[in-house]
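Presented below is the structure to which this report refers.
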Amino acid sequence: VKKLKETLVTVQQLDKNMSNLRSWLSRIEAELSRPITYSVCHEKEIQKRLAEQQDLQKNIEQHTEGVASVLSLCDVLLQDEDAAGGSEAENDSLQETSRSLDQRWRTICALALDRRLRIEETWTLWCKFLNDYSHFEDWLKMAERTAANPNSAEVLYSVAKEELKKFE
């Protein structure tokens with residue numbers, strides 16, 4: 001009787017923990033699946049997104065113990081012959097719940113890391129874009145000055161035609 005009561009308490013604790021964890025997992029998965037949006041192309045914007053990601057990462061890390069606890073409770077129940085002896089369907093359900101939780105947890109951890117890397121990559125790409133834009137802008141200004149003030153007063157037609165081909 002004592003063993004059955006302990007098993008019942010463990011199952012109830014598992015049910016409560018799983019319920020809380022499911023809602024948290026859903027919120028985090030939704031947050032991680034949302035696209036990262038930027039309002040301006042600036043380093044402060046990247047720092048803001050990285051700070052938001054760091055907060056999310058801390059939230060995930062704070063739940064590590066809870067996830068480990070639920071997985072541990074699942075293992076305890078699966079290895080308990082009295083609890084596992086109930087029915088094969090319950091045992092299969094518990095195993096599937098444990099596998100599903102473990103998979104969701106691993107996916108969340110991977111997505112969080114990937115999200116941080118994408119934010120950092122965005123800054124690298126922005127820097128490259130801004131550098132390329134600056135070089136193009138300089139070239140364009142020089143080309144506009146050259147086009148606005150051509151030195152064509154004493155240029156032969158054939159030479160001008162060859163120059164035109166270069167620009168085309």
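Bear in mind that the values here come from a model prediction, so they are computed numbers and not experimental data.
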Once you round to the nearest 0.5 Å, how far does CD of Glu43 lie from CG of Leu130?
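The CD atom of Glu43 sits 11.0 Å away from the CG atom of Leu130.
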Could you state the interatomic distance from CD (Gln54) to CG (Leu56), rounded to the nearest 0.5 Å?
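Output value for this atom pair is 9.5 Å.
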Between [X] and [Y], is there a donor-acceptor pair closer than 3.5 Å when you use the side chain of the first and the backbone of the second?
X: Glu29; Y: Ile108; answer: no
X: Ser19; Y: Lys16; answer: no
X: Ser98; Y: Leu94; answer: no
X: Arg49; Y: Thr37; answer: yes

Side-chain donor-acceptor pairs under 3.5 Å in residues 131-145, sequence neighbours left out?
unit_1	atom_1	unit_2	atom_2	d
Asn131	OD1	His135	NE2	3.3
Asp132	OD2	Lys128	NZ	3.0

Side chain to side chain, Thr107 and Leu111, heavy atoms closer than 4.5 Å:
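Result yes, sub-4.5 Å side-chain heavy-atom pair found.
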How about Leu21 and Trp105: do any of their side-chain heavy atoms sit closer than 4.5 Å?
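Counting from C-beta outward, Leu21 and Trp105 never come under 4.5 Å.
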Provide the closest heavy-atom pair for Val40 versus Trp126 in the form atom of the first, atom of the second, distance.
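Heavy atoms only, the tightest pair is O-CH2, 3.1 Å.
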Nearest non-hydrogen partners of Arg115 and Arg34, listed with the distance
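In terms of heavy atoms, the two residues are closest at NH1-O, 2.8 Å.
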Summary of ring pair (Phe, Tyr, Trp, His ring centres under 6.0 Å) pairs that have at least one residue in residues 56-76, sequence neighbours excluded:
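Ring pair (Phe, Tyr, Trp, His ring centres under 6.0 Å) check on residues 56-76 returns Trp24-His63.
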State which residues pass salt bridge (charged side-chain N to carboxylate O under 4.0 Å, His left out) with Lys161; sequence neighbours excluded, sorted by chain then number.
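Lys161: no salt bridge (charged side-chain N to carboxylate O under 4.0 Å, His left out) contacts found.
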